[in-house]
Novice: 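Next up is a structure, given as structure tokens.
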Amino acid sequence: MDHTTNLILPSLLASDWSNIDAQVKRAASAGAQWLHLDVMDGNFVDNISFGPQMVQVVRNCTDMYLDVHLMIHRPDHYLERFIKAGAQNITIHVEANYDTSVAETLKRIRAAGLHCGVALHPNTPFEAALPFVQDIDLLLVMTVVPGFGGQPFMEKETMPKLAAARDYRDAHGLKFHLEVDGGIYTNTAPIAKQHGANLFVCGTSSFGPPDMNQSMRDLAASVA
Ligand code: DX5
Ligand code: ZN
């Protein structure tokens, strides 16, 4: 799948955790191809979500593509566990602390046969990703401050950066996906698409409404 394909990625963080199997199947039957899993350590971000065991649980109940977003310090220390648990893309934050380095960690993710991405906090300029753009499959431009679902879309802080990333990618013949994450609804997704996004992480807007088939249809239509 190349970066011209638009996909809506439900974010498990926003689902009803009392029945993960049912929620994952709900997303799949609503047409999701990728599922976004937000790992939070209560250190890099001011919230704690879940770890590799949850990735394994989800892996065991679906063949959807698992897009794992590590909002953690020392992602390199924990990497093997997420690889073993069945992640297919692993995205790491350039702002996190590493025992080794971002570059080394991206190399390891790819060596394990997975796709890899780097994520940028809304306050982090695109330039911080430049050292890695030749070696990633995905650039995640956070459109909220990482840590919580249900926050408002940060348009002015993040759309110029997204467009700059798209322009740089296209000018240099690179092929990475551009993913946005946080505050993505039918009114904000088109704005992100206009600025270059093709992967749209939707937590509240996809899992939130009672009819997920309808919410996924509406979100997909908003970026068609
Ligand atoms: C925030 C996470 C997002 C979040 C989605 O740190 O990375 O994926 O779950 O947020 P909403 O609910 O705004 O779609
Ligand atoms: Zn996320």
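Counting begins at 1 with the first residue of the sequence. The structure presented is a predicted model; accordingly, all values stated were derived computationally and were not measured. Counting convention: from 1, in listed order, for ligands and their atoms alike.
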Novice: Just to the nearest 10 degrees, tell me the angle at the Zn ion (ligand 2) spanned by D38 OD1 and H69 ND1.
Specialist: 90°
Novice: Please check whether V144 reaches ligand 1 - meaning an N/O of the residue sits under 3.5 Å from an N/O of the ligand, judged on distance alone.
Specialist: no
Novice: Show me which atoms of ligand 1 lie under 4.0 Å from any heavy atom of T204.
Specialist: 11 (P), 12 (O), 14 (O)
Novice: Check whether Q134 reaches the backbone of P131 with its side chain - one donor and one acceptor, N or O, closer than 3.5 Å.
Specialist: no
Novice: Give the numbers and elements of all ligand 1 atoms closer than 4.0 Å to a heavy atom of M40.
Specialist: 6 (O)
Novice: Side chains of D76 and T100: any donor to acceptor distance under 3.5 Å?
Specialist: yes
Novice: Does at least one non-hydrogen atom of G147 fall below 4.0 angstrom from an atom of ligand 1?
Specialist: yes
Novice: Taking K25 for the side chain and T62 for the main chain, is one N or O donor matched with an acceptor at less than 3.5 Å?
Specialist: no
Novice: Look at the rings of H177 and W34 and say which category their plane angle falls in: under 30° parallel, 30 to 60° tilted, over 60° perpendicular.
Specialist: perpendicular
Novice: Give the intermediate values and the outcome of side-chain hydrogen bond (donor to acceptor under 3.5 Å, both in side chains) for residues D67 and N89.
Specialist: CA-CA 5 Å; D67 173 38; N89 177 73; 2.9 Å; yes
Novice: Report, in ascending order of atom number, the atoms of ligand 1 lying under 4.0 Å from any heavy atom of M71.
Specialist: 6 (O), 7 (O)
Novice: Please compare I184, D181, D67 and report which has the shortest non-hydrogen distance to atom 8 (O) of ligand 1.
Specialist: D181
Novice: With heavy-atom distances below 4.0 Å as the criterion, list the atoms of ligand 1 near H36.
Specialist: 8 (O)
Novice: Tell me whether C202 reaches ligand 1 (any heavy atom closer than 4.0 angstrom to a ligand atom).
Specialist: yes
Novice: What's the verdict on side-chain hydrogen bond (donor to acceptor under 3.5 Å, both in side chains) for D38 and S11, showing C-alpha distance, side-chain angles and the deciding distance?
Specialist: CA-CA 7 Å; D38 288 307; S11 171; 2.6 Å; yes
Novice: For the 3.5 Å polar cut-off, considering only N or O atoms, please tell me whether S11 and ligand 1 meet it.
Specialist: yes
Novice: Do V68 and V57 sit in the same hydrophobic cluster, where Ile, Leu, Val, Met, Phe, Trp and Tyr count as joined when their side-chain heavy atoms come under 4.5 Å apart?
Specialist: yes
Novice: Might you work through the side-chain hydrogen bond (donor to acceptor under 3.5 Å, both in side chains) test for N60 and Q56, ending with a clear yes or no?
Specialist: CA-CA 6 Å; N60 296 344; Q56 185 65 69; 2.9 Å; yes
Novice: With atoms numbered from 1 as shown, which atoms in ligand 1 lie under 4.0 angstrom from a non-hydrogen atom of G182?
Specialist: 10 (O), 13 (O)
Novice: Between the main-chain N or O of H69 and the side-chain N or O of T91, is there a donor-acceptor pair closer than 3.5 Å?
Specialist: no
Novice: With a cut-off of 4.0 Å, which atoms of ligand 1 are near a heavy atom of G203?
Specialist: 11 (P), 12 (O), 14 (O)
Novice: Under 6.0 Å between ring centres, would you say that holds for F176 and H3?
Specialist: no
Novice: In ligand 1, which numbered atoms sit nearer than 4.0 Å to a non-hydrogen atom of P146?
Specialist: 6 (O)
Novice: What protein heavy atom is closest to atom 10 (O) of ligand 1, reported as residue, atom name and distance in Å?
Specialist: G149 CA, 3.5 Å
Novice: Looking at K84, I'd like to know if its NZ atom is crowded, meaning that more than 12 non-hydrogen atoms belonging to other residues, nucleotides or ligands lie closer than 6.0 Å.
Specialist: no
Novice: Is any side-chain N of the basic residue among D137 and R110 closer than 4.0 Å to the acidic one's carboxylate O?
Specialist: yes
Novice: Do any nitrogen or oxygen atoms of G183 lie less than 3.5 angstrom from nitrogen or oxygen atoms of ligand 1?
Specialist: yes
Novice: What are the atoms of ligand 1, with element, lying closer than 4.0 Å to any heavy atom of L13?
Specialist: 9 (O)
Novice: Provide, to 0.1 Å, the distance between atom 11 (P) of ligand 1 and the closest protein heavy atom, together with that atom's residue and name.
Specialist: G150 N, 3.6 Å
Novice: Which residue holds the protein heavy atom closest to atom 1 (C) of ligand 1, what is that atom called, and what is the gap in Å?
Specialist: F148 O, 3.5 Å
Novice: For the atoms OD2 of D181 and NE2 of H36, give the angle they form at the Zn ion (ligand 2), rounded to 10 degrees.
Specialist: 100°
